[in-house]
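Because the structure is a prediction, the values reported are computed rather than measured. Proteins get letters first, then strands, A, B, ... in listed order; numbering begins at 1 in each.
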There are 2 protein chains.
Amino acid sequence: MRSGRPGGKVRLEDVANLAGVSMKTVSNVVHDHPHVSAKMRERVQSAIDQLGYRPNLTARRLATGRTGMLALAIPEIDQPYFAEIVRYVAAEAAGRGYRVIVEQTLSEVEAERAIISDREEGLVDGVIFHPMRIDTMEIARLRPDTPLVLLGEVARPLTTDHVMIDNVAAARVGVELLIAQGRSRIGFLALVHGDITESTHLRLLGYQEALVAAGMQIDPQLVLESTGWTVEEVMQTLLDALAAGIRFDAIVCRDDLFAMAAMKALDRAGLSVPGDVAVLGWDDTRFARYSTPAISSVSPDKAAIARTALDLLEERMNGYDGVGRHRIAPHAVVERETTAPK
Amino acid sequence: MRSGRPGGKVRLEDVANLAGVSMKTVSNVVHDHPHVSAKMRERVQSAIDQLGYRPNLTARRLATGRTGMLALAIPEIDQPYFAEIVRYVAAEAAGRGYRVIVEQTLSEVEAERAIISDREEGLVDGVIFHPMRIDTMEIARLRPDTPLVLLGEVARPLTTDHVMIDNVAAARVGVELLIAQGRSRIGFLALVHGDITESTHLRLLGYQEALVAAGMQIDPQLVLESTGWTVEEVMQTLLDALAAGIRFDAIVCRDDLFAMAAMKALDRAGLSVPGDVAVLGWDDTRFARYSTPAISSVSPDKAAIARTALDLLEERMNGYDGVGRHRIAPHAVVERETTAPK
DNA sequence: GTGAAAGCGCTAACAG
DNA sequence: CTGTTAGCGCTTTCAC
């Protein structure tokens with residue numbers, strides 16, 4: 001089945017020789033080019049099968065200048081929200097003929113810098129990047145030659161494309177739901193020390209807007225602050241507030257992980273959900289769906305985020321070189337078991 | 001900063017010209033080759049910086065025949081167990097100088113077949129594959145030229161390397177824990193219709209062995225069967241058993257997702273965990289840690305799995321061509337809140 | 001220690 | 001519609 005060449009490697013030329021045609025004709029067959037006679041096609045195909053020929057991607061890439069690969073850079077692959085984003089982006093990319101390589105930054109500054117200032121050329125045709133640590137200025141300065149689209153709520157760089165949801169509006173809708181269900185002491189879990197992304201602040205802003213619009217008083221005590229992102233830290237934050245005598249009948253969480261932490265804290269404090277306290281998560285991940293009780297959650301349209309990011313990126317890869325575009329993806333609030341009329 | 005060449009592309013040769021040295025010398029500097037004088041290195045480096053030269057990966061790959069890339073093929077990226085496997089494999093691979101591209105099969109036969117019978121050459125140097133649908137015979141028959149290591153409990157192919165945990169022993173230890181805590185009506189959730197992997201059967205076998213070893217009676221009623229893998233189906237399976245009057249004081253689950261489903265069903269049936277019923281999960285994912293109550297879980301050593309898979313794969317990539325090796329990674333049982341003495 | 005030249009396997013422009 | 005040929009940018013013998 002293999003050619004007699006050393007290493008068993010079969011080249012396009014070997015196929016051409018065996019079939020008695022030119023390399024161009026073989027290439028036409030491999031690429032399903034229209035203008036090839038049926039008998040020709042068959043003859044070439046049989047040579048391909050006989051030799052077990054497989055086109056060499058690397059050579060093709062060198063010749064075409066395209067890799068057919070995209071990089072998706074995210075903080076952590078095993079955080080459900082990002083795992084789901086990877087899934088949608090990979091599906092969307094596959095539909096457009098791209099494969100995706102996943103890069104984890106672990107929210108480390110150096111890793112994020114490495115994404116932007118790509119040292120080597122020809123790894124990927126484009127990059128989709130969800131930054132956590134580096135800011136607009138740095139992205140603008142280190143801006144790579146490679147087409148780039150940003151995800152998430154970084155401060156908006158003027159020069160770079162960007163896809164996000166309207167966090168303020170989403171938070172507002174979520175809080176309005178709680179208010180409509182008769183909740184009046186609605187907490188926010190939580191601001192995080194050292195968080196330089198805008199997400200949490202925007203969500204907090206929407207929370208505040210909804211309260212004001214409803215003519216409710218804003219009690220700063222209800223806005224909690226966590227020392228970190230872990231479930232343990234977030235749980236402790238709520239536990240401390242409860243121990244300090246602060247009372248809630250609803251809690252808006254910055255994401256589903258925080259909601260899981262809230263469930264733990266409330267359980268430990270002997271409070272029932274949603275009887276005593278309603279809980280609203282964010283991101284609509286598997287955590288929310290599989291938890292008991294199932295967590296109501298603000299749901300960004302991940303498929304739309306992926307689709308929009310790919311749209312933008314493809315335009316860049318096709319040569320668009322204008323100013324940065326900013327696209328808003330839709331959101332919804334999915335009601336499950338942790339929210340209910342009081 | 002850019003050369004005057006069209007397209008702004010800077011090549012090794014341009015650097016060589018500017019620095020007034022040969023391409024070989026530039027290459028030596030780029031690769032930190034030892035035998036280069038300090039002044040030479042400096043001169044070349046300044047030319048590199050001046051031109052903004054970035055080596056072209058594709059050309060390097062074509063010349064060397066290595067891609068520096070690995071494929072990791074898994075069923076679903078957004079299933080926590082696999083997301084965590086991706087994380088460990090990616091970390092391990094990065095440490096060895098490889099990048100990884102993630103391929104989702106979605107447990108579809110055709111997608112799995114595509115992984116094995118790679119149509120194109122030069123995409124990756126090696127493949128790590130967690131199959132769900134295709135069997136030993138097919139893997140052996142379609143076996144690609146690309147080095148391959150299998151993950152999970154497929155029937156063991158003689159020709160292919162393979163990393164797994166000892167499912168039987170792990171299940172036995174888990175059930176022994178339950179027995180030691182005074183549980184006597186221990187259910188198994190669940191066999192799944194159409195599941196052709198060995199995992200569930202091996203776990204069921206260990207379950208059975210532990211019961212026999214403890215001199216307990218085996219009640220077939222306690223071994224449940226689900227029509228599918230979704231949380232809804234699994235939950236319904238347990239709900240049906242409960243409705244049929246079958247009583248449990250512990251449930252061993254085939255994975256953490258099934259454990260989440262069990263928690264839902266028990267909650268709905270008004271049973272408390274672990275008061276009335278203990279629950280043991282499998283895979284030790286974030287689900288188990290973040291759930292309320294936190295789920296005790298059989299914990300495969302994912303770091304060891306990743307490390308071992310890479311070890312095996314590197315040997316293959318370095319030319320080892322012997323018989324398939326089978327490596328067992330360690331496991332443990334992590335006790336959390338869903339198991340406790342009765 | 002450094003330089004010149006021959007590929008790596010494919011694509012695409014051009015000629016026939 | 002098919003064949004020829006010149007690159008794509010780097011690595012790597014092999015002389016110097």
Side-chain angles (χ1 to χ4, degrees), chain A residues 2-3 5-44 47-48 51-68 119-123 125 145, chain B residues 2-3 5-45 47-48 51-68 118-123 125 145:
Chain A
R2 292 289 179 264
S3 80
R5 300 186 67 242
K9 264 74 173 70
V10 182
R11 297 163 313 164
L12 190 59
E13 189 176 0
D14 301 325
V15 177
N17 289 152
L18 178 65
V21 300
S22 77
M23 291 175 62
K24 173 63 177 169
T25 303
V26 178
S27 175
N28 283 344
V29 171
V30 169
H31 288 247
D32 276 328
H33 230 69
H35 302 302
V36 182
S37 68
K39 55 199 63 167
M40 193 83 273
R41 180 181 305 283
E42 193 189 340
R43 184 152 114 228
V44 172
I48 288 177
L51 295 173
Y53 169 71
R54 295 182 307 159
N56 182 312
L57 265 209
T58 306
R60 179 180 297 169
R61 287 171 176 174
L62 184 57
T64 59
R66 294 185 60 258
T67 64
R119 307 295 315 149
E120 293 162 329
E121 187 183 330
L123 178 63
D125 298 332
D145 299 328
Chain B
R2 293 288 179 266
S3 79
R5 299 186 66 244
K9 263 76 173 69
V10 181
R11 298 162 313 163
L12 191 59
E13 189 176 1
D14 301 324
V15 177
N17 289 153
L18 179 64
V21 300
S22 77
M23 291 174 63
K24 172 63 178 169
T25 303
V26 178
S27 176
N28 283 344
V29 171
V30 169
H31 288 267
D32 276 328
H33 229 68
H35 301 303
V36 183
S37 67
K39 56 199 65 168
M40 193 82 272
R41 180 181 305 282
E42 193 188 338
R43 186 155 111 223
V44 171
Q45 187 58 53
I48 289 177
L51 295 173
Y53 170 71
R54 296 181 307 160
N56 182 313
L57 264 219
T58 306
R60 180 180 295 168
R61 287 172 177 172
L62 183 57
T64 60
R66 293 185 61 256
T67 65
D118 40 5
R119 308 295 317 150
E120 293 163 327
E121 187 183 330
L123 179 62
D125 297 332
D145 299 328

Below 4.0 angstrom from OP1 or OP2 of [N], is there any side-chain N or O of [X]?
| X | N | answer |
| --- | --- | --- |
| A:His31 | C:dT11 | yes |
| A:Thr64 | C:dT11 | no |
| A:Ser27 | C:dC10 | no |

[X] [atom1] to [N] [atom2], straight-line distance once rounded to whole Å:
| X | N | atom1 | atom2 | answer |
| --- | --- | --- | --- | --- |
| B:His33 | D:dC10 | NE2 | C1' | 15 Å |
| B:Arg43 | C:dT2 | CZ | C1' | 11 Å |
| B:Tyr53 | D:dG9 | OH | P | 10 Å |
| B:Lys39 | C:dG1 | NZ | P | 13 Å |
| B:Leu62 | D:dG9 | CG | P | 12 Å |
| B:Ile48 | D:dC10 | CD1 | P | 10 Å |
| B:Arg41 | C:dG1 | CZ | P | 13 Å |
| B:Leu12 | C:dG3 | CG | P | 12 Å |

TODO: Check every atom of D:dT11, C:dG9, D:dC10 against the side chain of B:Arg11 and return the nucleotide holding the closest atom.
DONE: D:dC10

TODO: Would you please test B:Asp14 and B:Leu51 for side chain to side chain contact (heavy atoms under 4.5 Å, CB included) and show each step?
DONE: CA-CA 8 Å; B:Asp14 301 324; B:Leu51 295 173; 4.2 Å; yes

Task: A:Glu42 atom CD, neighbour heavy-atom count above 12 within 6.0 Å - done: no

TODO: Check step by step if side chain to side chain contact (heavy atoms under 4.5 Å, CB included) holds for A:Val21 and A:Arg43.
DONE: CA-CA 9 Å; A:Val21 300; A:Arg43 184 152 114 228; 3.6 Å; yes

Listing time: all N or O pairs from protein to nucleotides 3-5 of chain D that are below 3.5 Å?
| residue | atom | partner | partner atom | Å |
| --- | --- | --- | --- | --- |
| D:dG3 | OP2 | A:Ser22 | N | 3.1 |
| D:dG3 | OP2 | A:Ser22 | OG | 3.2 |
| D:dG3 | OP2 | A:Thr25 | OG1 | 2.6 |

TODO: Run the salt-bridge test on B:Asp32 and B:Arg41 with the 4.0 Å N-O cut-off and return the result as yes or no.
DONE: yes

Task: Pair A:Asp145 + B:Arg54: basic N to acidic O under 4.0 Å - done: yes

- [ ] For B:Asn28 and for B:Ala59, find the nucleotide of DNA chain C with the closest heavy atom, then tell me which residue's nucleotide is more 5'.
- [x] B:Asn28

- [ ] Step by step, work out the side chain to side chain contact (heavy atoms under 4.5 Å, CB included) result for A:Glu13 and A:Asn17.
- [x] CA-CA 6 Å; A:Glu13 189 176 0; A:Asn17 289 152; 3.9 Å; yes

Task: Pairwise side-chain contact, B:Val44 with B:Ile48, heavy-atom cut-off 4.5 Å (strictly under) - done: yes

